[in-house]
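Quantities reported herein were computed from a predicted structural model and do not represent experimental measurements. The chains referred to below are lettered A, B, ... by the order of the sequence lines, with proteins before strands, and numbering in each begins at 1.
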Amino acid sequence: MIVWEVDKGVVRKATIKDLMEATYTLLNLVPQGKTTTYGSLAKILGISPRLVGLFMKKNMEPIVIPCHRVVGKNGELRGYSRGGPRIKKRLLILEDVCFNNNRVSRDCIISLNWLLDP
DNA sequence: ATTTGCTCAGCTC
DNA sequence: GAGCTGAGCAAAT
């Protein structure tokens, strides 16, 4: 479990809520027409990929969080609680994300790691 | 292409 | 508390 710095050197463990907020913040960095993966987010946050999925499912704030821009590492859609993968794909196509064979094509997936590096 | 093992918060009982 | 369930992933087959 990662540590979460508050202020004045006060440090505590990251709560689930912290991690959820961090996840959503990172998600806001993903531009329209691109996607990222559960694993990539998880790696940055130091949590398991499953947990990222769990956050997406649990969160019930519809439009503000672009949950549909998170896909499996191989480009598979995985789940979508609001209407299933069909709807998820439809949303992505609406954003000009390229597909081949029900998978998001590689060049529409960004890792977010190299966005943070420089 | 398919199977296997790992992982961990939430949900149910 | 114990046991089951996933919006996942990587390695082995």
Side-chain angles (χ1 to χ4, degrees):
Chain A
M1 183 63 84
I2 62 178
V3 217
W4 208 255
E5 186 160 350
V6 187
D7 62 347
K8 301 189 174 177
V10 179
V11 163
R12 62 180 166 78
K13 277 167 135 187
T15 66
I16 294 302
K17 193 177 168 189
D18 293 330
L19 293 171
M20 284 177 73
E21 285 172 4
T23 307
Y24 303 144
T25 303
L26 286 174
L27 208 46
N28 281 326
L29 298 179
V30 180
Q32 186 177 24
K34 297 285 178 186
T35 67
T36 189
T37 68
Y38 296 96
S40 151
L41 293 171
K43 189 178 174 188
I44 294 171
L45 295 168
I47 60 182
S48 91
R50 289 234 165 173
L51 199 42
V52 176
L54 201 59
F55 291 160
M56 298 303 176
K57 185 174 184 178
K58 187 178 180 189
N59 162 69
M60 291 302 177
E61 302 194 53
I63 309 291
V64 285
I65 294 147
C67 307
H68 58 280
R69 289 190 203 149
V70 189
V71 299
K73 192 158 200 193
N74 50 7
E76 288 186 341
L77 293 180
R78 300 291 165 181
Y80 192 61
S81 49
R82 302 188 90 68
R86 281 283 305 271
I87 304 300
K88 189 169 180 178
K89 182 178 181 183
R90 198 177 291 177
L91 286 168
L92 289 173
I93 287 178
L94 206 65
E95 296 190 344
D96 293 320
V97 172
C98 314
F99 276 76
N100 40 11
N101 253 5
N102 272 355
R103 306 248 186 114
V104 176
S105 81
R106 287 283 183 191
D107 28 333
C108 289
I109 303 177
I110 63 180
S111 70
L112 278 190
N113 284 327
W114 57 261
L115 279 184
L116 301 178
D117 263 349

Would you say Arg90(A) and His68(A) make side-chain contact, with heavy atoms under 4.5 Å?
-> no

Value for OG1 (Thr36(A)) from CG (Leu26(A)), rounded to nearest 0.5 Å, stands at 8.5 Å

If pairing requires Watson-Crick or G-U wobble contacts with both distances under 3.5 Å, which nucleotide is the partner of dC11(B)?
-> dG3(C)

What distance separates Asn28(A) CG from Thr23(A) OG1, expressed to the nearest 0.5 Å?
-> 11.0 Å

May I ask which nucleotide in the shown strands pairs with dT4(B), Watson-Crick or G-U wobble, both distances under 3.5 Å?
-> dA10(C)

Would you grab the first and last nucleotide of DNA chain C (5' to 3') that comes under 4.0 Å of any non-hydrogen atom in chain A?
-> dG6(C) to dA10(C)

Contact check, side chains of Arg82(A) and Ile87(A), non-hydrogen atoms, under 4.5 Å | no

Heavy-atom side-chain contact between Phe55(A) and Ile47(A) under 4.5 Å = yes

Expected rows: protein N/O vs nucleotides 10-13 of chain B N/O, under 3.5 Å:
none

Using the C1' atoms only, state how far dT5(C) lies from dT7(B), rounded to an integer number of Å.
-> 13 Å

Within the distance-only criterion (no hydrogens, no angle test), does the side chain of Lys88(A) pair as donor or acceptor with the backbone N or O of Cys67(A) below 3.5 angstrom?
-> no

Taking atom CG of Asp96(A) and atom SG of Cys108(A), what is their separation to the nearest 0.5 Å?
-> 9.0 Å

Protein-nucleotide distance (Ile47(A), atom CD1; dC6(B), atom C1'), rounded to Å = 16 Å

In whole angstroms, how far is the C1' atom of dT2(B) from the CD atom of Glu76(A)?
-> 12 Å

Is the shortest heavy-atom distance from the side chain of Val104(A) to the side chain of Leu77(A) under 4.5 Å?
-> yes

